[in-house]
Amino acid sequence: MANISYWFGSWVSGWESGGSPDLRPGETHNWTFWGFKYGDAVSVTAHPVVLINYLEERVLNIENVRIEGDLSGSRLYFTVRNSGSNSVPGYGLGFSIISQ
């Protein structure tokens, strides 16, 4: 019987408080995800924040997905890219692992 695990995290711009600006068109963020084993099915999705009363479309891509493994375990590396024409003030990342 398969086991399914799911996590959700987020990134939010700190622009208004003087921190990091929104993710602008063409810009990227690099991420690492770990906690899975050899043979597990792993997925990641990016969900842009949609603000009420804004008609702007926001588009994100997951790119450069790669897995590295050594004696300490496996890690998934990936890039989130803003492939739309509007800035993204935040986004969520959904992760899942299917294992036996």
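All residue numbers in this chain count up from 1 along the given sequence.
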Separation of [Y] [atom2] from [X] [atom1] (nearest 0.5 Å):
X: Ser74; Y: Ile67; atom1: OG; atom2: CD1; answer: 6.5 Å
X: Arg81; Y: Asn61; atom1: CZ; atom2: CG; answer: 8.0 Å
X: Ser87; Y: Glu27; atom1: OG; atom2: CD; answer: 7.5 Å
X: Thr32; Y: Leu76; atom1: OG1; atom2: CG; answer: 8.5 Å

> Out of curiosity, does Trp11 fall in the hydrophobic cluster containing Val65 (side-chain heavy atoms, cut-off under 4.5 Å, transitive links)?
Replying inline: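 Val65 and Trp11: one cluster.
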
>> Please verify the inter-ring angle class for Trp31 with His29; under 30° counts as parallel, over 60° as perpendicular, anything in between as tilted.
In response: perpendicular

> Is the OH atom of Tyr38 crowded by more than 12 outside heavy atoms at less than 6.0 Å?
Replying inline: no

> Are more than 12 heavy atoms from other residues, nucleotides or ligands located less than 6.0 Å from atom CH2 of Trp7?
Replying inline: yes

> Taking all non-hydrogen atoms of both residues, which atom of Ser13 and which atom of Pro21 are closest, and how far apart?
Replying inline: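 Reported closest heavy-atom pair: OG-C, 3.4 Å.
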
Test item: [X] and [Y] side chains (from C-beta on) under 4.5 Å apart, heavy atoms:
X: Phe33; Y: Arg75; result: no
X: Phe78; Y: Asn64; result: no
X: Tyr91; Y: Arg58; result: no
X: Val80; Y: Glu63; result: no

>> Test your reading of the model: is there a side-chain donor-acceptor pair from Asn82 to the backbone of Asn86, 3.5 Å cut-off?
In response: yes

Please output the side-chain donor-acceptor pairs of residues 92-100 that fall under 3.5 Å, not counting sequence neighbours, one pair per line with the distance.
| unit_1 | atom_1 | unit_2 | atom_2 | d |
| --- | --- | --- | --- | --- |
| Ser96 | OG | Ser43 | OG | 2.4 |

>> If we check side-chain contact (heavy atoms from CB on, under 4.5 Å) with Val88, which of these qualifies: Asp22, Val50, Leu60, Val59?
In response: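 When side-chain contact (heavy atoms from CB on, under 4.5 Å) is applied between Val88 and each of Asp22, Val50, Leu60, Val59, only Leu60 qualifies.
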
